[in-house]
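Quick caveat: nothing in here was measured; it's all calculated off a predicted structure.
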Amino acid sequence: MTTFSEYYSNSKFLSTDIITEFRGRGTQIHVYPLSFAEFMTVDDRHPLDAWPDYYTYGGLPHTLSLADEEAKENYLKELYAKVYLTDIKERHSMRSDAELKELMEIFASSIGSPTNPSKLERTFKSVKKVTLSDKTIDAYLSYFAEAFLTEEAIRYDIKGKKYINTLSKHYFTDMGVRNAILGFRQTEENHIMENVIYNELRMRGYSVDVVETRPVGEDGKRIRKQYEVDFVVNRGSQRYYIQSAFVMPTDAKERQESASLLNIDDSFKKIIIVKDHIKPKCNEAGIITIGLMDFLLKPELLNW
């Protein structure tokens, strides 16, 4: 008897090819790694104590069964090298994956930074001293997305009501795999927090883009200076503007984080998420500030 797995390799299951294989014979359900709330159902520590493990080793279920940090790191490194990279290489008939690996390392080290193939081409040449064309980089980025390693958040001009294809942000679907790519050397909590917020919103079924806005001067013309809001989040008639701020220790920092949100003149909710465990609050401008743990564990707070 021939088993199902003999017909379809891992490279089909770990890519968007799967929907092509079953065209007309099934429904695609995108399964993400564990959310932080799901992670906490099998971890009896306080959420703040469990948080470093989650943002370091991610939400792939098997990591929870591993006894120590070394075992988790080895598992995630092997998963990336022997499953993801191997499958991408085989699926696209690549002779070598050296440039692919180097690009992925650059990519992983700059999560949440606006980028595009041309910018990555310059970075690749500067860091690796090797020329890799923007067309090749664009193809590689599509390979990462097809393998469900990364997702793209496109920039949206809120004033012009149009998408801007010049720069976009890319996020990893699992932080453990991302950290394994970098040998667990770059675990900057502020950037990782932004990535985790993005993933949480996607798990909840929202579409997520990046907002670009420019204020209007007294003459009615848009000022050259651009402001960016980390996420504009949509699902049906729901919309939220969300800023990941990590910490806001001073009034000046709060004004800085609020500036982009204040340039949006519609009535949808505007939210700042901070790492600190705080009670939700709303300032005079109507901007809501909530703590990260509350955001991750209490989905209803978006409607507070």
Q: Establish whether Val210 and Ile242 are linked, either directly or via other cluster members, by ILVMFWY side-chain heavy-atom contacts under 4.5 Å.
A: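 In one cluster with Val210: Ile242, no.
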Q: State, to 0.1 Å, how close Leu66 and Lys72 come at their nearest heavy-atom pair, and which atoms those are.
A: O-CE, 3.6 Å
Q: Does any donor atom in the side chain of Thr136 or Ser133 lie under 3.5 Å from an acceptor atom in the other side chain?
A: yes
Q: In Å, rounded to the nearest 0.5 Å, how long is the span from CD1 of Ile272 to CD1 of Ile287?
A: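 So the gap between those two atoms works out to 5.0 Å.
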Q: Answer yes when Glu200 and Arg204 have at least one side-chain N-carboxylate O distance shorter than 4.0 Å, and no when they do not.
A: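 Yes, charged N to carboxylate O under 4.0 Å.
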Q: Is any side-chain N of the basic residue among Asp134 and Lys119 closer than 4.0 Å to the acidic one's carboxylate O?
A: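 Lys119 and Asp134: not salt-bridged.
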Q: Under 30°, 30 to 60°, or over 60°: which ring-plane class applies to Tyr143 and Tyr140, parallel, tilted or perpendicular?
A: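 Geometry flag for Tyr140 against Tyr143: tilted rings.
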Q: So, are Glu189 and Lys275 salt-bridged, with charged N and O less than 4.0 Å apart?
A: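 Looking at Glu189 and Lys275, the cut-off is met.
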Q: Would you call Glu257-Lys253 a salt bridge at under 4.0 Å N-O?
A: yes
Q: Would you say Glu188 has more than 12 foreign heavy atoms packed within less than 6.0 Å of its CD?
A: yes
Q: Indicate whether the side chain of Ser260 and that of Glu228 have a donor and an acceptor atom separated by less than 3.5 Å.
A: no
Q: Search all heavy atoms of Asp230 against all heavy atoms of Ser244 and return the closest pair with its distance.
A: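 Taking every non-hydrogen atom into account, OD2-N, 2.8 Å.
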Q: So that I can tick it off, tell me whether Lys298 and Asp294 are bridged by a salt bridge, with the cut-off set at under 4.0 angstrom between side-chain N and carboxylate O.
A: yes
Q: Answer yes or no: is there an ion pair linking Arg255 with Glu284, defined by an N-O contact shorter than 4.0 Å?
A: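 Salt bridge between Arg255 and Glu284, a charged N being under 4.0 Å from a carboxylate O: no.
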Q: Have Asn303 and Tyr240 got a donor and an acceptor in their side chains that come within less than 3.5 Å?
A: yes
Q: Where does the angle between the aromatic ring planes of Tyr241 and Phe268 fall among parallel (under 30°), tilted (30 to 60°) and perpendicular (over 60°)?
A: perpendicular
Q: Check whether the ring centres of Tyr171 and Phe107 lie less than 6.0 Å apart, and answer yes or no.
A: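 Ring centroids of Tyr171 and Phe107 are no less than 6.0 Å from each other.
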Q: For atom CD of Glu300, decide whether the heavy atoms of other residues, nucleotides or ligands shown that lie under 6.0 angstrom number more than 12.
A: yes
Q: Please verify the inter-ring angle class for Phe184 with Tyr57; under 30° counts as parallel, over 60° as perpendicular, anything in between as tilted.
A: tilted
